[in-house]
Protein chains: 2
Amino acid sequence: MRAAVRRRAFWPGLRGFFNFLIMRECLASNAPTMDSMTQVSRSVAGDSSITRVLGILDLFTPETSVWTVDMLVGRLGVGRATVYRYVRALCDAGFLVPVAGAGYVLGPRFIEFDRSIRLADPLLHIVPPVMAELRDVVNGGQLLCAFYGLRVLTVLQDKTDPNITMSMERGRPFPLFQGSPSRVILAHLPTYQLRNLALNHQAEIAAAGLGENWAEFRDGLRAIRRAGYLAASDIDKTLVGVSAPIFHAPGAVTASLCLVRTRDGLTAEHQAFLGGVAVEACQRISAALQAFRPGEAAAFPISRVRQAAGIA
Amino acid sequence: MRAAVRRRAFWPGLRGFFNFLIMRECLASNAPTMDSMTQVSRSVAGDSSITRVLGILDLFTPETSVWTVDMLVGRLGVGRATVYRYVRALCDAGFLVPVAGAGYVLGPRFIEFDRSIRLADPLLHIVPPVMAELRDVVNGGQLLCAFYGLRVLTVLQDKTDPNITMSMERGRPFPLFQGSPSRVILAHLPTYQLRNLALNHQAEIAAAGLGENWAEFRDGLRAIRRAGYLAASDIDKTLVGVSAPIFHAPGAVTASLCLVRTRDGLTAEHQAFLGGVAVEACQRISAALQAFRPGEAAAFPISRVRQAAGIA
DNA sequence: TCGCCAATTCTCGCATTATGAGGATTTTTA
DNA sequence: TAAAAATCCTCATAATGCGAGAATTGGCGA
């Protein structure tokens, strides 16, 4: 009750700030906010104190980046003491930080872990020089997108054309079935994975126009695989993304490189040219990746679609 | 047992890769690896399944970025089923991802959360243009360091002098009592916070040469506060960092800007000049921060040193 | 495409430990 | 310095996390 008073004291201002941020981002790209889409598919968890604690972190979005204990009590439906226990554990681990007055925000641990991932990622050692080399040829923008479990997200960005306002900086998630970076990765997944996906995500696949049934889905992806690259503009309608796959082992896709140009006046020939550039670059990247330490099986994330999940 | 066989199959190669990374980093900066120092002070937690689960993530360092279930069983001393339960919760939340064969690595959630923090951080909207403006004046490097709870870490970096090899990119933690960015923040903390720090971290303060007792500690920091900036080269001996504080509210320090130059041939006059530049820039940044949305109390992390911790 | 084997999940009884209410403490602000 | 708000501590109760083994699934080779 008392906290509610405090909250009102600084909340409207913050809201204003974050609305500004969101608007800025939405205006920058013509794409709708995709975060919410990926956010939803995440809450398939069971119930235990552990999932409840981890679930708290999901509440901290750019739109709602400050949570007071009282807000959490209301949201989680558990006692105040329990919320304090949860929050304390997360604070001790550095995942949350208290802010002046009251409330908590995401903590420094995420920034540190991101660095840790960057340091350990061979892709980020190999790709930057390739991107720099391609910069003038592409004359637009480039994205490196990694495949994590069942998520695709940008891990590296390079932009030259100031007219291209890509809000696709590191950390921005892609819907699994939309955008050329995702779909070109999808196309190179092993068959049994694709079958599981078709079983578990039929509605989303149909909604993305990837086919109404398994045969259509499979054949569509096979066509992409045959072409070697995929050009599409299904996320930002004013842009075209030309993506090719990157493999950490023969037949094992792990990422994709996406060359971005404004759609305006881009001929089919030019698209094909960009496709060739992307494929050639990705072949070099893949080779470097596999040769990084000779004879080594690298540690790259794999997809894991649970069959049981589809039955429920 | 069977997993141990698999592990041996790919482990040596990975070790080689990461040793390479670590070496590369240590060679780049002449500074000792500080991560371990900050790592240690983190494990003050009690014991519960929650802290145990969160503690698992701490095991994933750049040196040991892949953990198999069997390794975790050995390390945590809990049953295999329990480890699977923990790992599953973390995977479902996106904090871990299974890799081919066996084992887990840090997941995409950290990359997404880092972006979330970047989007919500007013500093990252205000400071880049200031850094760009200072680039030619400084003619070296610049760091923006944020104060998170009781941690200081780099959140933004700008480098022009190629001779300065700063391994201080985003996410790199600073020891609380070392380095000019940390110490200049320390100097502007409220008195009761400093008193708690002096109680709880006496040994570290003495080790960092900040005084053997409360009076020395306080007076040293007061001198820094009087000067308005701090020049030091206590982390990388070949460099000098000149730092000034940034305030999110009058008297409430939240970050620091650090101008970096090679120590070689840097006169006292030049140091004073850089100090003036830093102070002036930070005053502008602070003003912008406080004016970002007029009349609003912003949500900045605060330090919270628990008095009870000092008694134990 | 099928089948095998390792990797993961499930089942269930038991015991540890998470929970909530309210009071004690600490932190912060005036 | 003192008052108010936020955070933490204590303890009895009951829920739920734990471990061992069985059952299942997913990944890889033929």
Side-chain angles (χ1 to χ4, degrees), chain A residues 1-7 9 46-53 68-73 76-89 91-92 96 98-104 189-197 199-200 249-252 297 302-311, chain B residues 1-7 9 46-53 68-70 72-73 76-89 91-92 96 98-104 189-193 195-196 199-200 249 251-252 297 302-311:
Chain A
M1 205 209 294
R2 328 167 199 158
V5 175
R6 293 195 72 95
R7 187 161 89 226
D47 197 37
S48 69
S49 63
I50 293 169
T51 51
R52 242 172 295 143
V53 170
T68 65
V69 168
D70 285 277
M71 289 163 74
L72 291 172
V73 168
L76 302 175
V78 298
R80 194 174 278 95
T82 303
V83 169
Y84 271 112
R85 254 191 297 262
Y86 288 173
V87 163
R88 190 147 137 64
C91 284
D92 285 347
L96 290 181
V99 295
Y104 296 85
L189 248 33
T191 312
Y192 57 87
Q193 286 287 0
L194 290 178
R195 195 191 313 267
N196 280 342
L197 281 173
L199 278 170
N200 297 321
I302 60 174
S303 65
R304 189 171 290 172
V305 186
R306 307 192 59 236
Q307 206 168 65
I311 315 286
Chain B
M1 206 206 294
R2 326 163 199 161
V5 174
R6 295 194 73 94
R7 187 163 90 226
D47 198 39
S48 69
S49 62
I50 293 169
T51 52
R52 240 172 297 144
V53 170
T68 65
V69 168
D70 285 276
L72 290 172
V73 169
L76 302 177
V78 297
R80 202 182 323 279
T82 304
V83 169
Y84 271 112
R85 254 191 296 260
Y86 289 173
V87 165
R88 189 150 138 64
C91 283
D92 285 347
L96 290 181
V99 295
Y104 295 84
L189 249 33
T191 311
Y192 58 90
Q193 287 287 1
R195 195 188 315 260
N196 281 343
L199 277 170
N200 298 321
I302 60 173
S303 66
R304 187 169 292 172
V305 186
R306 306 193 58 237
Q307 206 168 64
I311 316 287

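Below, chain A is the first sequence line, B the second, and so on; all start at residue 1. No hydrogens, no waters, no symmetry mates; every other heavy atom, side chains included, goes into these values.
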Enquirer: When all nucleic acid strands are considered with a 4.0 Å heavy-atom cut-off, which category describes B:V78: base, sugar-phosphate, or nothing?
Expert: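 If one applies the 4.0 Å heavy-atom cut-off, B:V78 turns out to touch the sugar-phosphate alone, with no base involved.
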Enquirer: On the nucleotide D:dG17, are OP1 or OP2 found under 4.0 Å from the side-chain N or O atoms that A:S49 carries?
Expert: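 Yes, within the criterion.
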Enquirer: Find the distance A:Y86:OH to C:dT17:P and express it as a whole number of Å.
Expert: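 Result: 16 Å.
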Enquirer: Rounded to the nearest Å, what distance is computed from the CG atom of residue A:D70 to the P atom of nucleotide C:dG20?
Expert: 15 Å
Enquirer: For A:I50 and B:A89, which heavy atoms make the closest approach, and how far apart are they?
Expert: CG2-CB, 3.7 Å
Enquirer: Using a cut-off of 4.0 Å on non-hydrogen atoms, how would the nucleic acid contact of B:V87 be classed: base, sugar-phosphate, or nothing?
Expert: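 No contact at all - B:V87 keeps every heavy atom at 4.0 Å or more from the nucleic acid.
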Enquirer: Mark yes or no for a side-chain to base donor-acceptor pair under 3.5 Å between A:R85 and C:dG20, with no hydrogen or angle criteria applied.
Expert: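 Such a pair exists between side chain and base.
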Enquirer: Compare side-chain N and O positions of A:R52 against OP1 and OP2 of C:dT19 and report whether any pair is under 4.0 Å apart.
Expert: yes
Enquirer: Got B:D70 and B:R80 here, is their nearest side-chain heavy-atom distance under 4.5 Å?
Expert: yes
Enquirer: Give a yes/no on whether any side-chain N or O of A:Y104 is located under 4.0 angstrom from OP1 or OP2 of D:dT7.
Expert: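 For D:dT7, OP1 or OP2 has a side-chain N or O of A:Y104 closer than 4.0 Å.
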Enquirer: Mind calculating the distance between CG (A:L199) and C1' (D:dT25) to the nearest angstrom?
Expert: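 Result: 14 Å.
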Enquirer: What's the CG-P distance between A:L76 and C:dT19, to the nearest Å?
Expert: 11 Å
Enquirer: Taking all non-hydrogen atoms of both residues into account, name the closest pair between B:V69 and B:Y104 and its distance.
Expert: CG2-CE1, 3.8 Å
Enquirer: Rounded to the nearest 0.5 Å, what separation is found between the CZ atom of B:R88 and the OG1 atom of A:T51?
Expert: 10.5 Å
Enquirer: Tell me which of A:P98 and B:V83 sits closer to the 5' end of DNA chain D, going by the nucleotide each one is nearest to.
Expert: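 Nearest nucleotide further toward 5': that of A:P98.
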Enquirer: Can you figure out which of C:dT19, D:dG19, C:dT29 approaches the side chain of B:A81 most closely?
Expert: D:dG19
Enquirer: Would you say C:dT9 has OP1 or OP2 under 4.0 Å from some side-chain N or O of B:Y84?
Expert: no
Enquirer: Starting at CG of A:L197, measure out to CG of A:L189 and round the result to the nearest 0.5 Å.
Expert: 6.5 Å
Enquirer: For the pair made of CZ in A:R80 and P in C:dA24, what is the distance, rounded to whole Å?
Expert: 18 Å
Enquirer: Can you figure out which of C:dT28, C:dT1, C:dA18 approaches the side chain of B:Y192 most closely?
Expert: C:dT28
Enquirer: Find the distance B:I302:CD1 to C:dT29:C1' and express it as a whole number of Å.
Expert: 12 Å
Enquirer: Nearest to the side chain of B:N196 - D:dG27, C:dC10, C:dT27?
Expert: C:dT27
Enquirer: Nearest heavy atom decides the nucleotide; on that basis, is A:T191 or B:I50 closer to the 5' end of DNA chain C?
Expert: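 Here A:T191 is the residue nearer the 5' end.
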Enquirer: Under 4.0 Å: is that the gap between some side-chain N or O of A:Q193 and OP1 or OP2 of D:dG27?
Expert: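 Yes, such a contact exists.
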Enquirer: Just the rounded figure in Å: distance from P of D:dG26 to CZ of A:R195.
Expert: 13 Å
Enquirer: State the CZ-CG distance between B:R195 and B:N200, to the nearest 0.5 angstrom.
Expert: 12.5 Å
Enquirer: Rounded to whole angstrom units, what separation is found between the CG atom of B:N200 and the P atom of C:dT26?
Expert: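 Answer to the nearest Å: 12 Å.
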Enquirer: Please tell me if B:T82 has a side-chain N or O lying less than 4.0 Å from either OP1 or OP2 of D:dG19.
Expert: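 So the side chain of B:T82 is within the cut-off, an N or O lying under 4.0 Å from OP1 or OP2 of D:dG19.
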